[in-house]
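Okay, so here's the structure we're looking at.
Worth knowing before you read on, the calculation uses all heavy atoms, side chains too, and leaves out hydrogens, waters and symmetry mates.
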Amino acid sequence: MPRTLSATSSRQHQDEIQFRVILAATYPFFLVAAIAQRLAPAASARPLPVQRRSVFAEAKAMAVQAIPFAFMG
């Protein structure tokens, strides 16, 4: 039985909602990790990038990179 467009669209919508829920749940952990990276002594030894993202943007980037692993399998 082939999937209809609305069933596929509904599934994508559910995946988007799950992604946002997982992002909201994991963001605080990644925020703590981003802050810890900034405060680590090794961080001061590295040369600073030309344009540095905020701690909040770093946390979101880490979360967005890690979350797709929850959807594998």
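Scanning all heavy atoms of the two residues, the minimum distance from F30 to M62 falls at O-CE, 3.3 Å. Here the closest heavy-atom approach between residue A61 and residue R53 is recorded as CB-NH1, 3.4 Å. A34 and A59 get closest at one heavy-atom pair: CB-N, 4.1 Å.
F56 and V32 end up in different hydrophobic clusters when Ile, Leu, Val, Met, Phe, Trp and Tyr side chains are linked at under 4.5 Å. One hydrophobic cluster, built from ILVMFWY side chains closer than 4.5 Å, cannot hold both V21 and Y27; they sit in different ones.
Using a 4.5 Å heavy-atom threshold, the side chains of Q14 and S10 count as touching.
Considering CZ of R20 and CD1 of I67, their distance stands at 12.0 Å, rounded to 0.5 Å. Interatomic distance, E16 CD to R11 CZ, rounded to the nearest 0.5 Å: 12.0 Å.
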